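Quick notes on the structure that follows.
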Amino acid sequence: MVGDALANLLGKAGWDVTKEYYINDAGAQVQALAMAAWWRYLQALLATPEGLAAASGATRGFAGSARGREEFEASFGQALQYGGDYLVPVGQALAAEHGAGLLAADGGLPDAATLAQVRQRTVAAMMVEIRADLAALGVRHDVFISEAALVAAGVADRAIADLAAKGLVYEGVLEPPKGKTPDDWETRPQTLFASTRFGDDVDRPLRKSDGSNTYFANDIGNHADKLARGFAELVQVWGADHGGYVKRMQAAVAALSDGHPVPLDVVLTQIVKVVKGGEPVRMSKRAGTYVTLADLIEEVGRDAVRFTMLTRKADAQMEFDLDKVVEQSRENPVFYVQYAHARCRSVLRSGESMADAPADLAAAPLESLTDAAELALIRRLAAWPRTVEAAALAREPHRIAFFLHDLAGDFHVLWNRGREDTTLRFIRGDEPEATRARLALVAATATVIRSGLQVMGVTPVEEMR
RNA sequence: GCGCCCGUAGCUCAACCGGAUAGAGCACCAGACUUCGAAUCUGGGGGUUAGGGGUUCAAAUCCCUUCGGGCGCGCCA
């Protein structure tokens with residue numbers, strides 16, 4: 001959400017923005033995920049007579065068991081890292097699509113090619129879920145980048161070769177971290193990137209002991225790819241748990257883009273702590289307290305979720321109290337702003353339906369707008385371009401939310417002044433020129449609110465009902 | 001042990017990256033609907049900006065320190 005709003009904000013401020021999503025579909029973690037999916041595949045397959053008939057070797061032993069996680073690990077001598085139910089449908093799909101075709105000939109574990117097939121299917125299924133969540137949030141990306149595809153295309157290796165050509169890659173030994181030395185620490189030479197030359201605290205490994213790339217190495221490829229596509233500035237939005245990762249990536253980008261430096265800004269967002277009635281909510285399906293983004297959006301609505309999330313600095317620790325958000329959904333500031341917009345539109349509709357509806361509001365003379373409340377609103381509107389620019393430069397979309405709240409407040413005040421003093425109403429039959437000026441002011445207010453809500457990805461409603 | 005982020009009203013958060021009396025919302029109290037829609041408005045109580053020290057004409061903001069919270073610290077992603 002922060003990235004989406006920030007991209008919108010930069011676009012509003014005049015940048016030509018491309019929103020990209022990096023899919024971490026390579027590495028040991030994903031390999032482990034694929035293995036778990038294969039386990040689910042066996043469960044689905046062996047539930048059929050054909051599947052049972054095709055089983056041999058270790059698979060046969062597994063077929064005769066309760067087919068749980070422990071039985072799988074015992075039969076194949078393979079530890080599973082993922083036990084969640086969410087891979088069950090993936091396993092069923094694999095069984096339906098391939099039948100017994102994904103079984104190993106010797107009845108053991110699948111070979112590399114088969115596992116790669118499973119991995120691809122699994123990642124695709126996960127991405128369907130992620131895209132659904134993104135869509136529910138109203139987040140759209142222009143580009144999806146696959147880590148595995150970049151690696152396969154040799155992008156990461158070329159980027160590292162580029163760094164090596166600059167003399168920034170060497171074989172070396174890292175000191176163990178002070179204080180808490182891991183039990184299994186053993187000193188060994190590694191392929192390192194000299195990130196300390198660009199302000200990092202220590203040099204960082206590029207290869208694992210088995211020779212494959214670290215996550216960092218592949219991510220260097222990811223950034224090299226962005227540089228190659230000619231972006232003048234890079235902005236990343238990461239969770240706060242990646243804070244220690246910022247310096248090394250900035251070092252890598254600085255090294256890759258020397259000669260034509262491209263800045264890399266990293267916006268860190270704190271993990272949202274979900275709270276219900278003062279107690280932290282555990283993400284546990286078993287305890288029945290599992291809370292997904294989809295649940296949240298369904299309960300309070302997309303606009304309220306987005307506005308609440310975006311009405312705070314990204315790097316502040318925050319609590320999201322479910323009870324309060326649901327209970328206060330009526331009092332949520334988002335409705336305050338949307339109500340102001342709806343009132344603007346209501347007035348403008350009335351203006352248009354007048355017998356002698358004033359035309360060409362943009363050219364209306366504004367001298368008649370002299371009331372303190374009118375001037376306050378005008379001043380606020382005049383600050384809009386500056387606010388957008390400052391918020392964009394600071395990478396702080398939350399400033400837009402606060403601006404909109406203040407702007408809506410100014411408008412509501414003016415509206416209520418008109419209830420006490422009828423000469424301050426927007427539409428006055430006896431004063432066509434004053435009406436024209438005020439409708440111009442209302443139109444400008446509506447335009448700015450609409451523009452700001454667009455940045456936040458919140459709907460500017462025509463009426464509240 | 002080291003590094004990064006943070007600590008502001010009872011609660012959730014602001015404060016235009018050194019400026020004037022630190023502001024909103026929620027909650028609480030008291031008022032305003034024969035209105036272009038009261039999902040709004042008006043007024044009120046509530047702060048030693050975690051504590052201490054320093055720099056400055058000026059500090060929530062910068063520096064030091066103590067306390068408290070979050071995150072991170074090779075072959076995870």
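The structure presented is a predicted model; accordingly, all values stated were derived computationally and were not measured. The sequence lines fix the lettering, A, B, ..., with proteins before strands; numbering per chain opens at 1.
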Whole-angstrom distance between B/rA22 and B/rC26, as gauged at atom P: 22 Å
Sugar-phosphate only, base, or nothing, as touched by A/Q338 at under 4.0 Å among non-hydrogen atoms: nothing
Nucleotide opposite B/rC57 in a Watson-Crick or G-U pair, distances under 3.5 Å: B/rG19
Per A/Q190 side chain, nearest of listed nucleotides B/rG72, B/rA39, B/rG74: B/rG74
Watson-Crick or G-U wobble partner of B/rG25, both distances under 3.5 Å: B/rC11
Pairwise P distance, B/rG7 and B/rG51 [rounded to whole Å]: 13 Å
Residue whose nearest RNA chain B nucleotide is more 5′ - A/D406 or A/G409: A/D406
Pairwise C1' distance, B/rC41 and B/rC33 [rounded to whole Å]: 11 Å
A/S346 side chain near B/rG37 phosphate (N/O to OP1/OP2, under 4.0 Å): yes
Which nucleotide in B/rG72, B/rA15, B/rA24 has an atom nearest any side-chain atom of A/H405: B/rA24
Plane angle bin for A/H141 and A/Y21 - parallel if under 30°, tilted between 30 and 60°, otherwise perpendicular: perpendicular
Nearest-nucleotide pick for A/D201, side chain only, options being B/rA39, B/rG74, B/rG3: B/rG3
Aromatic ring pairing A/H242/A/Y245, orientation class (parallel under 30°, perpendicular over 60°, tilted between): perpendicular
Among B/rA15, B/rC36, B/rG37, the one nearest A/F426 by side-chain distance: B/rC36
Minimum-distance nucleotide (side-chain atoms of A/V347 versus B/rA77, B/rA39, B/rC36): B/rC36
Aro-ring/base stack A/Y339-B/rU40, d under 5.5 Å, angle under 30°: no
A/W238 side-chain N/O to B/rC71 phosphate OP1/OP2 under 4.0 Å: no
Minimum-distance nucleotide (side-chain atoms of A/Y245 versus B/rA77, B/rC13, B/rC41): B/rA77
Interatomic distance where CZ belongs to A/R312 and P belongs to B/rC6 [whole Å]: 16 Å
N-O pairing of A/R386 and A/E389 below 4.0 Å: no
Sugar-phosphate, base or nothing in reach of A/R343, heavy atoms under 4.0 Å: sugar-phosphate
Sugar-phosphate only, base, or nothing, as touched by A/F402 at under 4.0 Å among non-hydrogen atoms: sugar-phosphate
Over 12 foreign heavy atoms within 6.0 Å of CD, A/Q120: no
Opposite nucleotide pairing with B/rG68, Watson-Crick or G-U, both atom distances under 3.5 Å: B/rC6
B/rU55 to B/rC11 separation - P atoms, rounded to the nearest Å: 34 Å
Sugar-phosphate only, base, or nothing, as touched by A/Q29 at under 4.0 Å among non-hydrogen atoms: sugar-phosphate
Touch class at under 4.0 angstrom, heavy-atom based, for A/Y336 against every strand present: sugar-phosphate
Of A/P205 and A/E462, the one whose closest RNA chain B nucleotide lies more 5': A/E462
Nearest-Å distance once atom C1' is located in both B/rC71 and B/rC76: 16 Å
Side chain of A/R399 (C-beta onward), nearest among B/rA77, B/rG37, B/rC16: B/rC16
Nearest-angstrom distance, P atom, B/rU65 to B/rA24: 37 Å
Proximal nucleotide (of B/rC41, B/rG37, B/rA14) relative to the A/H398 side chain: B/rA14
Between A/K12 and A/Q454, a side-chain donor and acceptor under 3.5 Å: yes
Whole-Å P distance, B/rA50 and B/rG10: 13 Å
No-H, no-angle donor-acceptor pair, A/R419 side chain to B/rC33 base, under 3.5 Å: no
Ion pair check, A/E20 and A/K226, cut-off under 4.0 Å: yes
Touch class at under 4.0 angstrom, heavy-atom based, for A/S350 against every strand present: sugar-phosphate
Sidechain N-carboxylate O distance under 4.0 Å for A/D85, A/R40: yes
Touch class at under 4.0 angstrom, heavy-atom based, for A/T387 against every strand present: nothing
Sugar-phosphate only, base, or nothing, as touched by A/A26 at under 4.0 Å among non-hydrogen atoms: sugar-phosphate
Distance below 4.0 Å between A/K208 side-chain N/O and B/rA77 OP1 or OP2: yes
Identified side chain to side chain contact (heavy atoms under 4.5 Å, CB included) counterpart of A/I449 within the set A/L407, A/V458, A/L381: A/L407
Rounded C1' spacing from B/rG54 to B/rG46 in Å: 32 Å
Watson-Crick/G-U partner (both atom distances under 3.5 Å) of B/rC76: none
Sugar-phosphate only, base, or nothing, as touched by A/A28 at under 4.0 Å among non-hydrogen atoms: sugar-phosphate
Minimum-distance nucleotide to A/N416 side chain [options: B/rA15, B/rG37, B/rU40]: B/rU40
Sugar-phosphate, base or nothing in reach of A/R417, heavy atoms under 4.0 Å: nothing
Complementary nucleotide of B/rC41, counting Watson-Crick and G-U pairs under 3.5 Å: B/rG31
Sugar-phosphate only, base, or nothing, as touched by A/G243 at under 4.0 Å among non-hydrogen atoms: nothing
Salt-bridge contact A/D157-A/R207 (side-chain N to carboxylate O under 4.0 Å): yes
